[in-house]
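Quick notes on the structure that follows.
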Amino acid sequence: MKSELNQNCSEVTEFILLGFRTSPEVQILLFLLFLLIYMVIVVGNISMLVVIKIDSRLHTPMYFFLRNLSYLDLCYSTVIAPKTLATFSSEDKKISYNGCAAQFFFFALCVGTEGFLLAVMAYDRFSAVCSPFLYAVHMSQQACVRLVIGSYMCGCVNSMIQTSFTFSLRFCGENRLDHFFCDVPALIKISRADTFVNEIVLFILSALIIVTTTTVILISYACILSTVLKIPSTHGRSKTFSTCSSHITVVSLFYGTVFFMYAQPGAISSPEKSKIIAVFYTLIIPMLNPLIYTLRNREVKNANFSYYSFLIKFFLIFIFK
């Protein structure tokens, strides 16, 4: 717990992102690695957005939610990656106070929304497997839109609360953030105010989101498992459960890293550990999600193949015309 220090010190107007404190040679390697990852994120998620939009076979509730998932992955990685790449390639590692607040707000908005959206996607699979004859009613276009809007609203409320609490703290004198982007643990660490309430709010909000969404996911999959086990044929059970395997993988990756980062009282005590985990959920997961859904889903795989075949043919015609 921190007490108020010198009232006469200058208020912080900008922060310095220390990032990964390594040698210049390693910084170059990290820049190239992060650039490659971000390029894969952009290509993979934009491809998913385009394929789902243009292929009429994918105009179903499951792919409507998947399109929103790709959009969120693209957004929150874009909130983080360009500034991180700039800090690797330049001596200027500064970010303005307002820029830091904006970065954190949009990051928290996207991550919080994704947590709720993954719960919605689990409910969608529950409806498809356990109530196939009522699926069209439960997952009508209006219902899907309302569920997505509700996810965004919950993410926005979470983001506004965390941003307002974090940036109401007093930052005075010390402005070096031991992180590669503006995140709550690093900001709390350099604050000159008592941060006990902020740490409790962070823990409660993160725990509340994780508990509520994982409860929906676990109940949905418990019902799905019960239904699948009643299917007499092995092929039928395998085919039904395969429609859920991609979502289970994505949920495990997302919630595992978020839990270790935010939902533990001691999560803010290890900056280096926090950076590694943060890289995983800000860049690695958005890169893996399109690959997981493409490799594990035959419909997406076929649609992607048709899309890329069309692009290659168009490119060849353009070149050799």
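It should be emphasised that the depicted structure is a prediction, and the values quoted were computed from it without experimental measurement.
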Look at the side-chain heavy atoms of Ile, Leu, Val, Met, Phe, Trp and Tyr, link any pair under 4.5 Å apart, and say whether [X] and [Y] land in one connected group.
{"X": "Ile209", "Y": "Phe107", "result": "no"}
{"X": "Ile46", "Y": "Tyr63", "result": "yes"}
{"X": "Ile149", "Y": "Tyr123", "result": "yes"}
{"X": "Phe116", "Y": "Val120", "result": "no"}
{"X": "Leu32", "Y": "Leu30", "result": "yes"}

**Prompt:** Hey, what else clusters with Leu225 if you join Ile, Leu, Val, Met, Phe, Trp, Tyr whenever side-chain heavy atoms sit under 4.5 Å?
**Reply:**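 Leu225 shares its hydrophobic cluster with Leu229.
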**Request:** Would you indicate whether Tyr71, at its atom OH, is surrounded by more than 12 heavy atoms from other residues, nucleotides or ligands within a distance under 6.0 Å?
**Result:**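 No, not enclosed.
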**Within 6.0 Å of CD in Gln141, more than 12 heavy atoms from elsewhere** =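 12 or below, so no.
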**Item:** With Tyr293, the side-chain contact (heavy atoms from CB on, under 4.5 Å) member among Leu288, Leu66, Thr249
**Value:**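 Option passing the side-chain contact (heavy atoms from CB on, under 4.5 Å) with Tyr293: Leu66.
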**Prompt:** Should Leu205 and Ile161 be marked as a side chain to side chain contact (heavy atoms under 4.5 Å, CB included) after you check the CA-CA gap, both sets of side-chain angles, and the distance that decides it?
**Reply:** CA-CA 9 Å; Leu205 276 177; Ile161 293 173; 3.6 Å; yes
**Request:** Using only the SG atoms, establish whether Cys100 and Cys182 come within less than 2.5 Å of one another.
**Result:**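 Taking the criterion (SG atoms under 2.5 Å apart), Cys182 and Cys100 satisfy it, so yes.
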Please report the shortest heavy-atom distance between [X] and [Y], naming the atom on each side.
{"X": "Leu109", "Y": "Gly155", "value": "CD1-C, 3.7 Å"}
{"X": "Ala108", "Y": "Ser159", "value": "CB-OG, 3.7 Å"}
{"X": "Ser77", "Y": "Leu283", "value": "CB-CD2, 4.4 Å"}
{"X": "Phe65", "Y": "Asp124", "value": "CE1-CB, 3.8 Å"}
{"X": "Leu202", "Y": "Gln162", "value": "CD1-OE1, 3.4 Å"}
{"X": "Ser191", "Y": "Arg170", "value": "OG-O, 3.2 Å"}

**Single hit among Thr282, Asn289, Asn68 for side-chain hydrogen bond (donor to acceptor under 3.5 Å, both in side chains) with Asp73** =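 Of all the options given, the one that passes is Asn289.
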Looking only at atom types and distance, does a side-chain atom of [X] sit under 3.5 Å from a main-chain N or O of [Y], one as donor and one as acceptor?
{"X": "Gln103", "Y": "Val79", "result": "yes"}
{"X": "Lys93", "Y": "Thr87", "result": "yes"}
{"X": "Ser206", "Y": "Phe203", "result": "no"}
{"X": "Tyr76", "Y": "Pro286", "result": "no"}

So [X] and [Y], would you call those rings parallel, tilted or perpendicular, with 30° and 60° as cut-offs?
{"X": "Phe180", "Y": "Phe20", "value": "parallel"}
{"X": "Phe167", "Y": "Phe104", "value": "tilted"}
{"X": "His247", "Y": "Tyr221", "value": "parallel"}

**Request:** Let me see the working for Leu253 and Phe280 under side chain to side chain contact (heavy atoms under 4.5 Å, CB included), right down to the final yes or no.
**Result:** CA-CA 9 Å; Leu253 289 171; Phe280 199 82; 4.0 Å; yes
**Message:** Do Cys130 and Ile224 have side chains that approach each other closer than 4.5 Å (heavy atoms only, starting at C-beta)?
**Reply:**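 A side-chain contact exists here, since the closest heavy-atom pair is under 4.5 Å.
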**Request:** Might you work through the side chain to side chain donor-acceptor pair (under 3.5 Å) test for Tyr38 and Thr84, ending with a clear yes or no?
**Result:** CA-CA 11 Å; Tyr38 183 57; Thr84 303; over 6 Å; no
